[in-house]
*Asks:* 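Please read through the structure below; I'll follow up with questions.
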2 protein chains.
Amino acid sequence: MARELITRHGGRVTRTRIAVIETLLASDQPLSHDELGSMLAEIDIPHDRVTLYRALDWLVEHGIARRIAGGDRAWRFEAARADGHRHAHFHCDHCGQVICLEHLEPSFSTVLPDGYRVDRAELILHGACASCSPQRSANEPCCPH
Amino acid sequence: MARELITRHGGRVTRTRIAVIETLLASDQPLSHDELGSMLAEIDIPHDRVTLYRALDWLVEHGIARRIAGGDRAWRFEAARADGHRHAHFHCDHCGQVICLEHLEPSFSTVLPDGYRVDRAELILHGACASCSPQRSANEPCCPH
DNA sequence: GTAGTAACTGCAACATTGTAGCATTAAATG
DNA sequence: CATTTAATGCTACAATGTTGCAGTTACTAC
């Protein structure tokens with residue numbers, strides 16, 4: 001499965017790429033570089049920080065993964081769905097967790113200035129997740145952090 | 001005008017804050033920290049990098065300015081409109097320019113999991129601006145950079 | 001299976017964006 | 001003008017990501 005995805009795009013099948021793809025596919029939420037790194041370490045996939053960045057770059061470049069800009073300034077990655085389905089995301093401003101909103105497809109109807117071209121739309125809802133919601137409204141993280 | 005905005009929120013009127021507010025109000029597009037810094041330097045407002053960050057933080061905290069996550073990982077800032085109007089933004093993936101789409105209000109109707117609270121929605125269209133559009137699709141910046 | 005080659009890795013060094021701590025300056029107040 | 005404390009300007013540091021390059025390894029051809 002993962003091997004297939006890689007060879008189909010003319011890439012070499014390497015330990016890191018396989019593990020990254022499988023981890024992304026298994027996750028139900030977008031993962032940051034850092035989270036991915038820890039998860040790879042847990043399943044004993046030795047890897048360098050830079051290698052991981054490059055593996056992710058390659059996956060995004062070939063449409064296997066997608067890059068999402070969270071509210072903080074770290075990219076998050078999710079496996080691209082085969083059907084090209086896109087969806088919006090929810091970012092908890094307290095703990096930084098990002099979840100997918102499967103049923104909310106970013107749509108828009110607008111007039112851009114002449115000559116502009118839109119490639120994709122990114123819709124991010126900001127707020128507080130269930131574990132953070134009861135607490136204060138901002139600036140005071142309540143989750144594990 | 002700027003002085004008023006500041007005192008109304010119990011802040012001290014300082015060179016940097018006034019200049020930042022006036023620059024944001026005069027700009028028709030969100031500005032990054034870096035762009036703001038250069039603009040202040042041009043009109044001979046001496047300031048420290050950190051001071052600028054803190055001035056911007058203060059403005060956002062008091063609802064005078066708004067923070068927007070561009071596609072790259074630098075914040076951009078725009079003057080908050082008095083009527084509370086919000087709008088979507090367009091981010092050029094080539095040159096990084098961000099423009100406001102006044103007529104596109106980020107709206108959504110969705111069901112979030114129980115306990116989640118939405119504070120605001122951020123809608124960012126990604127693509128290529130007029131000066132970059134004729135060129136290649138990605139990764140090859142064509143603008144001044 | 002072995003050899004050759006280019007893609008990938010791993011390391012070190014660096015770039016960008018943003019924060020924290022703290023001594024100093026200056027805006028507001030009486 | 002004197003006092004108070006918010007705001008500034010350092011310096012140092014943190015987080016996230018990138019570049020260059022030597023060494024390794026996955027694939028291809030034999």
Side-chain angles (χ1 to χ4, degrees), chain A residues 2-21 30-38 40-41 44-62 64-65 67-77 93 95-96 98 139-141 145, chain B residues 2-21 30-38 40-41 45-62 64-65 67-77 93 96 98 139-141 145:
Chain A
R3 309 182 75 88
E4 232 183 272
L5 270 173
I6 298 173
T7 50
R8 190 189 310 160
H9 289 91
R12 288 192 178 170
V13 177
T14 65
R15 199 176 56 215
T16 310
R17 280 185 187 166
I18 293 182
V20 169
I21 293 181
L31 300 173
S32 66
H33 165 97
D34 204 46
E35 287 162 345
L36 265 165
S38 313
L40 293 201
D44 284 316
I45 307 285
H47 67 282
D48 185 69
R49 235 165 51 84
V50 179
T51 301
L52 181 48
Y53 275 115
R54 288 199 270 231
L56 287 167
D57 279 351
W58 188 87
L59 293 177
V60 169
E61 200 178 316
H62 289 83
I64 299 173
R67 203 196 303 266
I68 298 148
D72 39 23
R73 74 213 144 84
W75 295 114
R76 285 166 185 272
F77 300 86
D93 290 339
C95 62
V98 172
N139 294 334
E140 199 83 48
H145 171 107
Chain B
R3 311 182 73 87
E4 233 184 273
L5 270 173
I6 298 172
T7 51
R8 191 189 310 160
H9 290 91
R12 286 190 182 172
V13 177
T14 66
R15 199 176 57 212
T16 309
R17 279 184 187 167
I18 292 182
V20 169
I21 292 180
L31 300 172
S32 66
H33 165 97
D34 203 47
E35 287 162 345
L36 265 165
S38 314
L40 293 200
I45 307 285
H47 66 281
D48 184 69
R49 235 163 53 83
V50 179
T51 301
L52 181 49
Y53 275 114
R54 289 199 271 230
L56 286 167
D57 279 351
W58 189 87
L59 293 178
V60 169
E61 199 177 317
H62 289 84
I64 299 173
R67 204 194 304 265
I68 298 149
D72 40 21
R73 72 214 146 85
W75 294 114
R76 287 165 184 272
F77 299 86
D93 289 339
V98 172
N139 294 334
E140 196 85 45
H145 167 111

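Below, each value reflects all heavy atoms present in this structure, side chains not excepted, and no hydrogens, waters or symmetry copies. These numbers were taken from a predicted model, which means no experiment stands behind them. Lettering of chains follows the sequences in order, A, B, ..., and the numbering in each one begins at 1.
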*Asks:* For D34(A) and R17(B), find the nucleotide of DNA chain D closest to each by heavy atoms; which residue's nucleotide sits nearer the 5' end?
*Replies:*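 The residue closer to the strand's 5' end, by nearest nucleotide, is R17(B).
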
*Asks:* For residues 9-18 of chain A, which residue pairs pass the salt bridge (Lys or Arg N to Asp or Glu O under 4.0 Å) check, not counting sequence neighbours?
*Replies:*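 Non-adjacent pairs meeting salt bridge (Lys or Arg N to Asp or Glu O under 4.0 Å): zero.
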
*Asks:* What's the separation between atom OG1 in T16(B) and atom CD1 in I21(B), rounded to the nearest 0.5 Å?
*Replies:*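 One finds 11.0 Å between OG1 of T16(B) and CD1 of I21(B).
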
*Asks:* Which residues satisfy the ring-ring contact (aromatic ring centres under 6.0 Å, His included) test with H9(B), sequence neighbours excluded?
*Replies:*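 For H9(B), the residues satisfying ring-ring contact (aromatic ring centres under 6.0 Å, His included) (neighbours in sequence not counted) are H62(B).
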
*Asks:* Which residue pairs satisfy the salt bridge (Lys or Arg N to Asp or Glu O under 4.0 Å) criterion with at least one member in residues 44-56 of chain A, sequence neighbours excluded?
*Replies:*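 Applying salt bridge (Lys or Arg N to Asp or Glu O under 4.0 Å) to every pair that reaches into residues 44-56 of chain A, excluding sequence neighbours, yields nothing.
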
*Asks:* Who passes salt bridge (Lys or Arg N to Asp or Glu O under 4.0 Å) against D34(B), sequence neighbours left out?
*Replies:*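 Counting only residues at least two positions away or on another chain, D34(B) forms no salt bridge (Lys or Arg N to Asp or Glu O under 4.0 Å).
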
*Asks:* Would you mind classifying the nucleic acid contact of S32(B) as base, sugar-phosphate or nothing, using non-hydrogen atoms under 4.0 angstrom?
*Replies:*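 Nothing, no heavy atom under 4.0 Å.
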
*Asks:* Say you draw a straight line from CD1 of I68(A) to CG of L31(A); how long is it, rounded to the nearest 0.5 Å?
*Replies:*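 Going from CD1 on I68(A) over to CG on L31(A), the span is 9.5 Å.
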
*Asks:* For each nucleotide in nucleotides 25-30 of chain C, reading 5' to 3', give B when a protein heavy atom comes within less than 4.0 Å of its base, S when such contact involves only the sugar-phosphate, and - otherwise.
*Replies:* -BBS--

*Asks:* With sequence neighbours excluded, what pairs up with S32(B) under the side-chain hydrogen bond (donor to acceptor under 3.5 Å, both in side chains) test?
*Replies:*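 S32(B) satisfies side-chain hydrogen bond (donor to acceptor under 3.5 Å, both in side chains) with E35(B) once adjacent residues are dropped.
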
*Asks:* Suppose we screen for side chain to side chain contact (heavy atoms under 4.5 Å, CB included). Which residues come up paired with V13(A), at least two apart in sequence or across chains?
*Replies:*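 For V13(A) the side chain to side chain contact (heavy atoms under 4.5 Å, CB included) partners, ignoring immediate neighbours, are R3(A), I6(A), T7(A), I18(A).
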
*Asks:* In this structure, which one of T14(A), L36(A), L52(A) forms a side chain to side chain contact (heavy atoms under 4.5 Å, CB included) with H47(A)?
*Replies:*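 Single side chain to side chain contact (heavy atoms under 4.5 Å, CB included) partner of H47(A) among T14(A), L36(A), L52(A): L52(A).
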
*Asks:* At 10 degrees resolution, what angle do the end axes of the helix from dG1(C)-dC30(D) to dG30(C)-dC1(D) form when each is taken over five base pairs?
*Replies:*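 Result, rounded to 10 degrees: 40°.
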
*Asks:* How long is the gap from CG on D57(A) to CZ on F77(A), to the nearest 0.5 Å?
*Replies:*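 That separation rounds to 6.5 Å.
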
*Asks:* How far apart are the closest heavy atoms of G11(B) and W58(B), and which atoms are they?
*Replies:*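 Closest pair (atom of G11(B), atom of W58(B), distance): CA-CZ2, 3.5 Å.
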
*Asks:* Using a heavy-atom cut-off of 4.0 Å to chain B, what are the terminal contacting nucleotides of DNA chain D, in 5' to 3' order?
*Replies:*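 Under 4.0 Å from chain B, the extent on DNA chain D is dT5(D) to dG17(D).
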
*Asks:* For DNA chain C, what residues of residues 47-59 of chain A have any heavy atom nearer than 4.0 Å?
*Replies:*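 Listed by number, they are H47(A), D48(A), V50(A), T51(A), R54(A).
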
*Asks:* So does W75(B) get a side-chain nitrogen or oxygen closer than 4.0 Å to the phosphate oxygens (OP1/OP2) of dG18(C)?
*Replies:*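 For W75(B), the contact criterion (side-chain N or O under 4.0 Å from OP1 or OP2 of dG18(C)) is met.
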
*Asks:* With sequence neighbours left out, write down each residue that passes ring-ring contact (aromatic ring centres under 6.0 Å, His included) with H33(B), or none if nothing qualifies.
*Replies:*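 H33(B): ring-ring contact (aromatic ring centres under 6.0 Å, His included) contacts with Y53(B).
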
